[in-house]
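Worksheet: the structure to be examined is printed underneath.
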Number of protein chains: 2
Amino acid sequence: MRSALRSAADTPAENTESLSANVVHRLEVEILKGQRRPGDRLDERQLAEQFGVSRTPVREALQRLAASGLVVSRGRQGLQVAQLSLADLLDAFSVAAELEALASAQAARRIRSEQRSRLEAAHEACSAAAKGRDVDAFYEANFEFHETISAASHNRILHDELRRLTVKISPYRRTITYQPGRMDSSIPEHGQVMDAIFRGDGAAASQVMRAHVTLLGEGLSDLLHFLRMSGDENIIAELI
Amino acid sequence: MRSALRSAADTPAENTESLSANVVHRLEVEILKGQRRPGDRLDERQLAEQFGVSRTPVREALQRLAASGLVVSRGRQGLQVAQLSLADLLDAFSVAAELEALASAQAARRIRSEQRSRLEAAHEACSAAAKGRDVDAFYEANFEFHETISAASHNRILHDELRRLTVKISPYRRTITYQPGRMDSSIPEHGQVMDAIFRGDGAAASQVMRAHVTLLGEGLSDLLHFLRMSGDENIIAELI
DNA sequence: ATACGCCAAATTGCATGCCAGTCTTATCTC
DNA sequence: GAGATAAGACTGGCATGCAATTTGGCGTAT
């Protein structure tokens with residue numbers, strides 16, 4: 001499968017773009033893949049050394065990520081990967097639910113044939129990963145599924161906003177994927193969304209997608225509640 | 001009235017924040033107020049001279065604005081204020097409609113008393129400006145009205161996204177305000193939204209707000225269609 | 001007269017150096 | 001022995017200088 005996630009990670013040295021754009025891209029991928037976790041501190045000099053550039057492009061990249069909300073500035077104490085509170089996280093899911101619902105509705109009207117095949121492929125990859133209990137594969141295929149719908153909306157503004165938001169909550173989304181049963185219940189939900197899009201029923205696509213993403217948020221809420229009841233607060237800070 | 005727009009413009013030298021944050025803020029205001037129009041080129045040295053800083057903070061500010069989508073990079077040819085196509089603009093309004101609808105629904109459940117007064121004040125300022133045919137005053141009061149609802153949602157993620165989107169389409173929104181009758185029809189729509197929020201009816205608030213913003217987009221569409229029919233394409237490029 | 005090519009000026013991208021504020025540690029005093 | 005204070009190292013913020021690329025103009029040739 002040619003996933004956007006994987007393809008991004010496979011190109012550590014894109015010579016075409018500027019150095020700062022390169023750093024933005026690579027940092028996004030690192031955060032998306034969970035290699036840098038919320039709360040991690042981002043040291044300019046360390047990053048400059050890691051990416052083999054000077055501090056200037058690193059600083060510019062961090063500014064861009066800060067504007068996206070992916071990293072937060074702590075004044076003179078440097079920057080760190082954004083750490084969402086539980087309330088923020090649930091709010092983020094409510095926003096994501098609306099935006100993905102809108103994307104589904106517009107995709108139902110605007111999707112092109114090549115994106116149909118891409119969506120079908122992503123859906124099948126999700127099914128296969130769920131059957132094989134391969135969480136990482138499912139995570140990537142799921143990303144591809146949602147990304148395809150976002151692109152199929154042919155709404156550049158929406159696509160940009162959704163991408164920003166997706167990256168921001170991706171570290172947390174990953175932990176949801178690990179919840180038992182979550183993968184299996186996603187499959188029929190994805191199927192319903194895809195069917196509605198394919199038959200051009202924007203209202204249905206929007207409704208099912210909104211429910212799907214809202215369920216994800218509730219799943220997260222349940223998980224946190226469970227962990228909190230188990231008494232170990234540190235697990236929460238560790239997982240999310 | 002204490003408008004966010006006016007207060008921002010009245011503080012040309014905020015000494016508390018960093019220089020780059022300062023430049024971000026002042027550039028946003030200039031774009032928001034229409035002093036810099038879509039397509040305008042942004043020269044690093046000129047900006048550095050204007051704001052009395054070196055190029056570095058200016059560059060960092062531009063990076064942040066680029067990440068927000070407010071300005072676009074054209075490679076070695078510098079940056080310019082983002083110029084939305086007609087399709088982009090209509091898409092942006094569809095996104096804004098959904099986000100403002102969500103904000104209204106959540107505000108209906110979460111609004112606090114001080115924001116109630118702020119919302120009432122903004123609504124009355126809108127009415128007064130509409131009666132007095134004061135377009136600029138209406139523009140600011142309208143901004144305040146929507147901003148208050150966004151803040152009253154107490155959804156930080158939503159507030160951020162909405163703010164970004166609002167700034168992006170604000171130059172175009174201003175031209176809509178100048179449409180005859182647009183101010184007058186906004187008043188009862190605002191009133192319905194406010195009433196629904198005050199009685200805690202999130203579903204109604206959301207529905208009315210979605211219709212309100214969608215109407216704005218359609219008003220823009222009508223305006224453009226009219227201008228196109230009049231044969232002068234340049235007016236379109238000039239206005240939007 | 002027009003078109004093609006080359007040179008110069010300007011502008012962006014990146015690196016480096018210096019400064020200011022913050023955190024840490026060690027020493028001194030109570 | 002413990003706490004407070006001061007000094008030093010560290011880190012982010014900004015300015016400036018250099019390299020690379022684009023653009024505009026001018027000259028020449030067709």
Side-chain angles (χ1 to χ4, degrees), chain A residues 11-31 35-83, chain B residues 11-31 35-83:
Chain A
T11 40
E14 301 232 356
N15 299 325
T16 58
E17 21 182 1
S18 71
L19 288 184
S20 62
N22 220 319
V23 173
V24 168
H25 198 201
R26 292 170 70 176
L27 270 178
E28 273 186 354
V29 171
E30 288 196 5
I31 295 176
Q35 291 164 8
R36 294 187 183 272
R37 320 213 41 163
D40 283 1
R41 188 161 175 187
L42 297 166
D43 183 78
E44 292 181 2
R45 290 174 164 83
Q46 186 264 315
L47 291 173
E49 191 176 354
Q50 173 183 341
F51 294 128
V53 298
S54 92
R55 286 174 52 215
T56 304
V58 170
R59 281 182 59 80
E60 293 184 353
L62 290 178
Q63 296 288 334
R64 296 187 70 140
L65 294 175
S68 304
L70 244 180
V71 308
V72 293
S73 167
R74 287 179 50 195
R76 290 271 178 194
Q77 298 162 345
L79 293 88
Q80 60 183 31
V81 179
Q83 204 164 13
Chain B
T11 42
E14 301 232 357
N15 298 326
T16 58
E17 21 182 2
S18 73
L19 290 184
S20 62
N22 219 318
V23 173
V24 168
H25 198 202
R26 293 170 69 177
L27 269 178
E28 273 186 355
V29 171
E30 288 196 6
I31 294 176
Q35 291 164 9
R36 295 188 182 272
R37 320 211 44 161
D40 282 1
R41 187 163 177 185
L42 297 165
D43 183 77
E44 292 181 3
R45 294 179 196 279
Q46 186 266 316
L47 292 173
E49 192 175 354
Q50 172 182 343
F51 294 129
V53 298
S54 92
R55 286 174 52 219
T56 304
V58 170
R59 280 183 59 81
E60 294 183 354
L62 291 177
Q63 296 289 332
R64 297 187 69 142
L65 294 174
S68 304
L70 242 180
V71 309
V72 293
S73 167
R74 289 180 48 195
R76 289 270 182 190
Q77 299 158 344
L79 294 88
Q80 60 182 33
V81 180
Q83 203 164 13

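Atom set for the values below is all heavy atoms of this structure, side chains included, hydrogens, waters and symmetry mates excluded. Order of the sequence lines fixes the chain letters, A, B, ..., with proteins taken first and strands second; residue numbering starts at 1 for each chain. What you are looking at is a predicted structure, and each value in this text was computed from that prediction instead of being measured.
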Given side chains that start at C-beta, do those of [X] and [Y] come closer than 4.5 Å, heavy atoms only?
X: B:Phe51; Y: B:Leu27; value: yes
X: A:Leu42; Y: A:Arg36; value: yes
X: B:Val81; Y: B:Arg37; value: no
X: B:Asn22; Y: B:Val53; value: no

| For nucleotides 13-18 of chain D, read 5' to 3', which letter fits each nucleotide if B means a protein heavy atom sits under 4.0 Å from the base, S means only the sugar-phosphate is that close, and - means neither? | BSBBB-
| message | I need the full list of salt bridge (Lys or Arg N to Asp or Glu O under 4.0 Å) pairs touching residues 45-57 of chain B, with sequence neighbours left out, sorted by first then second residue. | response |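 For residues 45-57 of chain B, and leaving out neighbouring residues, the salt bridge (Lys or Arg N to Asp or Glu O under 4.0 Å) pairs sorted by first residue read B:Glu44-B:Arg55.
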| field | Nearest-angstrom distance from the residue atom CZ of A:Arg41 to P of D:dT11 | value |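 To the nearest whole Å, that distance equals 7 Å.
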| message | Testing the basics here: between A:Leu79 and A:Ala66, what is the closest heavy-atom pair and its distance to 0.1 Å? | response |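 Closest pair (atom of A:Leu79, atom of A:Ala66, distance): CD2-CB, 4.4 Å.
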| Looking only at heavy atoms, which two atoms of A:Gln35 and A:Asp40 are closest? And how far apart? |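 Heavy atoms only, the tightest pair is O-OD2, 4.5 Å.
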| Using a heavy-atom cut-off of 4.0 Å to chain A, what are the terminal contacting nucleotides of DNA chain C, in 5' to 3' order? |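 From 5' to 3', the first and last contacting nucleotides are C:dC14 to C:dC23.
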| message | What's B:Leu62 touching, base or sugar-phosphate or nothing? Going by heavy atoms closer than 4.0 Å. | response |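 Counting heavy atoms under 4.0 Å across all strands, no contact is made by B:Leu62.
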| Option passing side chain to side chain contact (heavy atoms under 4.5 Å, CB included) with A:Glu60 (candidates A:Leu62, A:Thr56, A:Val58) |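 Of A:Leu62, A:Thr56, A:Val58, side chain to side chain contact (heavy atoms under 4.5 Å, CB included) with A:Glu60 is met by A:Thr56 alone.
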